[in-house]
Asker: 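Before anything else, here's the structure in question.
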Amino acid sequence: MESSNQTSADRFILLGLTSTPYLQALCVLLILIMYLVTISVNVLLMTVVGTSVQLQTPMYFFLCNLSVIDIGLSSTIVPTLLINTVARDKSISLLGCGVQMYFHLGLGCTECITLSVIAYDRYAAICQPLHYYQIMSKTVCICLASGSWAVSLINSAIHVVLTFQLPFCRSNHINHFFCEMPPFLYISCGDPWLNELVMYIAASIIGAGSFLLTLISYFSIVLTILKMCSTEGRIKAFSTCASHLTVFFLYYGTILFMYLHPHSDNYPETSKTVSIIYTVVTPMLNPIIYSIRNGDVKSSIKNKLGLLI
């Protein structure tokens, strides 16, 4: 028992997405493409916003913040995933695992809060247009952004410390493709009641709180849209809201499933699929759905390309 404890405390073995060779090759190709798209589109958005005077608004400030989060979230997971999939040595050190878990939890939590802040920003712009720049002043924007980062990183530190205080004597093999908290609760031979309690409290306050704020914001937006006289305006606004809510439910649904179901109910293959959605897919979709489809962004990109040509 001591030997097993010592081994699991030194290094962990990440079993990855699949052990089937041709599926490994397919996964590496698809995830690499999505990762490159994520980096390229988010960098493009930040460059365009940073160099366009007409895009210096609260909405694009938060969208750039979201781009930083998405690049960080993907980069925390995908490079390690790709290397572990093709490498023979699939182990990761205790320190490396802790760092990856810390940044994944911190960035994931920051994204939850930021998505709700973006929804509130859209509520203020559409439902309170005359008071928009008073509601979303520069000071308020900075406080909301910095507050979301601070709360998320502190929350992440608490979870990581509690996780690695658990005894891991069952195995040092993690049936997952990165160091995520729920699989560690499953392999622990101790009672993770405190970890689960803290996780449920954090999920209820941060996750459910952000979820409700976003729903309330979009519900208010829909009520305002219904009062519009222009049918074309209503259709365009509903189309925008529908795309935003699609990404919103995709992200929150997978996050809440992963962190709120009991650790004793272990579904490794399902958990891997769910984790891929919110660590790889949504960071790629966010800039496309929230920004690149926007007319102002499209025209700014065309102008920049025109200057280069």
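Bear in mind the structure is a predicted one, so any value in this text is a computation, not a measurement. Values reported hereafter were calculated over all heavy atoms of this structure, with side chains retained and with hydrogens, waters and symmetry mates removed.
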Asker: Taking all non-hydrogen atoms of both residues, which atom of Pro58 and which atom of Tyr132 are closest, and how far apart?
Answerer: CB-OH, 3.4 Å
Asker: Report the C-alpha distance between His131 and Gln134 in whole Å, list the side-chain angles of each, state the deciding distance to 0.1 Å, and finish with yes or no for side-chain hydrogen bond (donor to acceptor under 3.5 Å, both in side chains).
Answerer: CA-CA 5 Å; His131 305 287; Gln134 291 178 325; 3.3 Å; yes
Asker: Asn195 side chain to Leu162 main-chain N or O, any donor-acceptor pair under 3.5 Å?
Answerer: yes
Asker: Would you say the side chain of Phe61 lies within less than 4.5 Å of the side chain of Gln56, judging by non-hydrogen atoms?
Answerer: no
Asker: Quick check against the 3.5 Å criterion: does Gln24 have a side-chain atom that pairs as donor or acceptor with the backbone of Val86?
Answerer: no
Asker: Any chance you could lay out the side-chain hydrogen bond (donor to acceptor under 3.5 Å, both in side chains) test for Tyr35 and Ser75, step after step, and finish with the verdict?
Answerer: CA-CA 8 Å; Tyr35 178 63; Ser75 298; 2.9 Å; yes
Asker: Could you tell me the separation between the CD1 atom of Ile225 and the CD1 atom of Ile221, rounded to the nearest 0.5 Å?
Answerer: 6.5 Å
Asker: Among side-chain atoms of Thr57 and Tyr133, is any donor-acceptor pair under 3.5 angstrom?
Answerer: no
Asker: Does any non-hydrogen side-chain atom of Cys179 lie less than 4.5 Å from one of Leu14?
Answerer: yes
Asker: So Phe211 and Phe249, side chain to side chain contact (heavy atoms under 4.5 Å, CB included) or not? Walk me through it.
Answerer: CA-CA 9 Å; Phe211 183 84; Phe249 281 117; 3.9 Å; yes
Asker: Testing the basics here: between Met136 and Ala124, what is the closest heavy-atom pair and its distance to 0.1 Å?
Answerer: CG-CB, 4.2 Å
Asker: Would you please indicate if the ring centroids of Tyr218 and Tyr123 are separated by under 6.0 Å?
Answerer: no
Asker: What closest approach, in Å, do Ile301 and Val48 show between heavy atoms, and which atom pair accounts for it?
Answerer: CG1-CG2, 3.7 Å
Asker: Spell out, as yes or no, whether a donor-acceptor pair under 3.5 Å connects the side chain of Ser188 to the backbone of Leu185.
Answerer: no
Asker: Does Phe219, at its CZ atom, have more than 12 non-hydrogen atoms belonging to other residues, nucleotides or ligands within less than 6.0 Å?
Answerer: no
Asker: Working to the nearest 0.5 angstrom, can you tell me the gap between Ser220 OG and Arg122 CZ?
Answerer: 14.0 Å
Asker: Any link between Val198 and Ile201 through a network of hydrophobic side chains (Ile, Leu, Val, Met, Phe, Trp, Tyr) touching at under 4.5 Å?
Answerer: yes
Asker: How far does CZ of Phe62 sit from CD1 of Ile118, to the nearest 0.5 angstrom?
Answerer: 8.0 Å
Asker: Show me the pairs that pass side-chain hydrogen bond (donor to acceptor under 3.5 Å, both in side chains) and involve residues 155-166, at least two apart or across chains.
Answerer: Asn155-His159
Asker: What closest approach, in Å, do Ser217 and Ala119 show between heavy atoms, and which atom pair accounts for it?
Answerer: CB-O, 3.5 Å
Asker: Look at the side-chain heavy atoms of Ile, Leu, Val, Met, Phe, Trp and Tyr, link any pair under 4.5 Å apart, and say whether Leu212 and Tyr200 land in one connected group.
Answerer: no
Asker: Anything under 30° is parallel, anything over 60° is perpendicular, the rest tilted; go ahead and classify Phe168 against Phe164.
Answerer: perpendicular
Asker: Between Ser148 and Val117, does a side chain to side chain contact (heavy atoms under 4.5 Å, CB included) hold up when you go through it step by step?
Answerer: CA-CA 9 Å; Ser148 65; Val117 169; 5.7 Å; no
Asker: Decide yes or no for Leu226 and Thr224: does some side-chain heavy atom of the first lie under 4.5 Å from some side-chain heavy atom of the second?
Answerer: no
Asker: Evaluate Thr76 against Phe178 for side chain to side chain contact (heavy atoms under 4.5 Å, CB included), listing each step before the verdict.
Answerer: CA-CA 9 Å; Thr76 299; Phe178 74 100; over 6 Å; no
Asker: Do you know which two heavy atoms are closest between Asp191 and Leu166, and how far apart they sit?
Answerer: O-CD2, 4.5 Å
Asker: Any chance you could lay out the side chain to side chain contact (heavy atoms under 4.5 Å, CB included) test for Ile276 and Leu17, step after step, and finish with the verdict?
Answerer: CA-CA 9 Å; Ile276 281 289; Leu17 284 169; 4.0 Å; yes
Asker: Any side-chain heavy atom of Leu215 within less than 4.5 Å of one from Phe248?
Answerer: yes
Asker: Please say yes or no: joined through hydrophobic side-chain contacts below 4.5 Å, possibly via intermediate residues, are Ile126 and Val140 part of one cluster?
Answerer: yes
Asker: So which atom in Ser171 and which in Ile187 form the shortest heavy-atom distance, rounded to 0.1 Å?
Answerer: O-CD1, 3.5 Å
Asker: So, taking the atom named CD1 in Ile174 and the one named OG in Ser91, what distance separates them when rounded to the nearest 0.5 Å?
Answerer: 12.0 Å
Asker: Below 6.0 angstrom between ring centroids: does that apply to His104 and Tyr102?
Answerer: no
Asker: So do Leu285 and Thr246 actually touch side chain to side chain, heavy atoms under 4.5 Å?
Answerer: no
Asker: Calculate, to the nearest 0.5 Å, the distance between atoms CD1 and CG belonging to Ile31 and Leu36 respectively.
Answerer: 12.0 Å
Asker: So, do Pro182 and Met258 sit near enough that their side-chain heavy atoms are less than 4.5 Å apart?
Answerer: yes
Asker: State whether the side chain of Ser52 and the backbone N or O of Val49 hold a donor-acceptor pair below 3.5 Å, judged by distance alone.
Answerer: no
Asker: Determine whether Val274 and Leu23 fall in the same hydrophobic cluster, where Ile, Leu, Val, Met, Phe, Trp and Tyr are linked whenever their side-chain heavy atoms lie under 4.5 Å apart.
Answerer: no
Asker: Between Lys302 and Val297 (side chain of the first, backbone of the second, donor and acceptor by atom type, cut-off under 3.5 Å), is there such a pair?
Answerer: no
Asker: Could you tell me the separation between the CG atom of Asn172 and the CG atom of Leu94, rounded to the nearest 0.5 Å?
Answerer: 11.5 Å
Asker: Out of curiosity, does Val161 fall in the hydrophobic cluster containing Trp193 (side-chain heavy atoms, cut-off under 4.5 Å, transitive links)?
Answerer: no
Asker: Between Cys112 and Tyr251, is any pair of side-chain heavy atoms under 4.5 Å apart?
Answerer: yes
Asker: Compare all side-chain heavy atoms of Glu111 with those of Leu73 and state whether any distance is below 4.5 angstrom.
Answerer: yes
